[in-house]
Engineer: 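This is the structure, below, for whatever I ask next.
Chain identifiers are assigned alphabetically (A, B, ...) following the order of the sequence lines, protein sequences preceding nucleic acid strands; residue numbering begins at 1 within each chain.
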Amino acid sequence: MPKYLLLKHYRGGPEPYHPFPPMDQWAPQDVEAHMAFLRHVSELLKENGEYVDAQALTPAQTWVRYGGPDAAPVTTDGPLPETSDLVAGWYMIDVDSHERALELAAYVSSEPGPGGEPLYEWIDVREVMSGPPSHD
Amino acid sequence: VIDEPARQLDEGALRALVPRVLAGLVRRGEDFDAAEDALQEALLEALRVWPKHPPRDPRAWLTTVATRRLVDARRSEAARHRREEATHAEPRPATTEEGDDTLFLLFCCCHPDLAPASQVALTLRAVGGLTTREIADAFYVPEATMAQRISRAKGTLRGRRLNQPGDLAVVLRVLYLVYTAGHAGRTDLAGEAIRLARQLTLATEEPEARGLLALMLLNHARLPARLDPDGRIITLDQQDRGLWDTHEIAEGVRVLQTALAEQHPGRYQIEAAIAALHDDAASAKETDWPQILAWYDDLIALTDDPVRNDPAAVLGRAVAVGHVLGAAAGLRETDRLREVLGDRHRWHAVRAHLHELAGDLPAAGAAYAEAARRATNVAERDHLVRQAARARAREPRSNSR
């Protein structure tokens, strides 16, 4: 069974279908509904036997590279820190097919936003490469 | 030997034997590293075998099995001469008190040359009697990673003299780290830390050891009220105080009183005293903030330049200042910490709380949102987002939709 990452972004990706303000500016009951939905997604994936992992990342990003011999590592905030892609977290799922991965990603994207309306958030779906084949 | 039917294995009793057996092996002249590995194998064997065949003398059983493993290991290494040197060079085991064993092993595991993560892992295995698997689960890392961390830690200790009295302050810090590391994982690290601290208080008269035990008990007592069934954080002022564990509070207060009676207050005793004052209030409104502030004054007086060396204490004190002298005074206290803590979520969260106390909801909402952006824990992040949304919803002219 193939594994997929369903990546959520703080920013970046296609033009938002339905722009929305940051969550800290939503009505409290809308925040609760959103968080309850995300808990429900994790539970659903576990019940289905499709859950592998779910993690959230902090928005602080540091790019780093080797600085050369006897030099400290070189760091930067990135080329365009205000506009570049920034991953917020992921679900890793183990599913029957690519279609199932897209179906689940679309379900995640239906998460409720302000006023209980779906967020229509773009989800980045990436297949995880599997281990070496067991036969020729 | 009586052949009893399978019965519930008392894992607590089994694990309590681990430091005693290990100390016995090391005092007998066995290498700490090898003895600890051998005992871990004996422990796994015991977990497997004892439920059906409980031994008559559990301690002797563990010692025998571990010794057999040590002999096997040595044979396979073909290094028998080293053992002979070791057994002849080291003094015979003295009959010792149980408490001495615990203290001796804690000093080994909390050796100052080890990194904190290694001290914690080694302490949990060698003194706590946890399996590598359980420790790995507690820290959400693969078992092989934790096994390697423990093995490298013991490699660092190889050749060090382990019979010197160690640094009790390091031991206390490691136990507190164990306590704060875990309320979430499958392994109950908080409960384990309390058990170890209790053992430590039997081994040393140092009041700070009792202060640490009291601090853990007085905080742990509030654990049942700290999260709701959906995992949402409930702040101290909103908690259902009926859920607090009154037995744990009573024990914590008792332990703290015997420590304070010695008139050598240290940071754990002081923090425990602050926790006790919170536990003592029948409602958030009845919290004795002036007395809490007095203890914070004592706490920051322990450190030179507390803003740099103990900013967490200064931040805690700022909250108390806010409740005693007013929110504006509390905020002024936090200003001193901007340079040191300004990029930490807790600094912004405290300021948000003080703004809210002052009735400045727009500033509170903005500060909660800043705190949420800096949180490094999902439950705290979600909590701070909720607080921001709640503060903004209470603004007179809300623009939340």
Engineer: Looking at Glu339(B), I'd like to know if its CD atom is crowded, meaning that more than 12 non-hydrogen atoms belonging to other residues, nucleotides or ligands lie closer than 6.0 Å.
Structural biologist: no
Engineer: Any idea which of Val378(B), Asp382(B), Leu384(B), Thr376(B) has the most non-hydrogen atom pairs under 4.5 angstrom with chain A?
Structural biologist: Asp382(B)
Engineer: Sort by residue number and list every member of residues 42-59 of chain A having a non-hydrogen atom under 4.5 Å from chain B.
Structural biologist: Ala56(A), Thr58(A), Pro59(A)
Engineer: More than 12 heavy atoms of other residues, nucleotides or ligands under 6.0 Å from CZ of Arg346(B): is that the case?
Structural biologist: no
Engineer: Other residues, nucleotides and ligands only: do more than 12 of their heavy atoms fall within 6.0 Å of CH2 on Trp289(B)?
Structural biologist: yes
Engineer: Walk me through it: do Met35(A) and Asp230(B) pass the test side chain to side chain contact (heavy atoms under 4.5 Å, CB included)?
Structural biologist: CA-CA 10 Å; Met35(A) 289 175 178; Asp230(B) 287 324; over 6 Å; no
Engineer: Under a 4.5 Å heavy-atom cut-off, does chain B meet the side chain of Phe20(A), its backbone, both or neither?
Structural biologist: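 Looking at Phe20(A), nothing touches chain B.
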Engineer: Does atom CZ (Arg11(A)) have a neighbourhood of more than 12 heavy atoms from anything else shown, all under 6.0 Å?
Structural biologist: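 Yes.
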Engineer: With a 4.5 angstrom heavy-atom cut-off, could you sort out which part of Arg232(B) is near chain A: side chain, backbone, both or neither?
Structural biologist: side chain
Engineer: Mind running side chain to side chain contact (heavy atoms under 4.5 Å, CB included) on Val31(A) and Arg390(B) for me, showing each step along the way?
Structural biologist: CA-CA 9 Å; Val31(A) 173; Arg390(B) 200 173 303 146; over 6 Å; no
Engineer: Is it the case that over 12 heavy atoms from other parts of the model lie below 6.0 angstrom from the CZ atom of Arg126(A)?
Structural biologist: no
Engineer: Using non-hydrogen atoms and a 4.5 Å limit, figure out which bit of Ala375(B) sits close to chain A: side chain, backbone, both or neither.
Structural biologist: backbone
Engineer: Pro28(A) and Ala393(B): which non-hydrogen atoms are nearest, and at how many Å?
Structural biologist: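 Taking Pro28(A) first and Ala393(B) second, the nearest heavy atoms are CD-CB, 3.5 Å.
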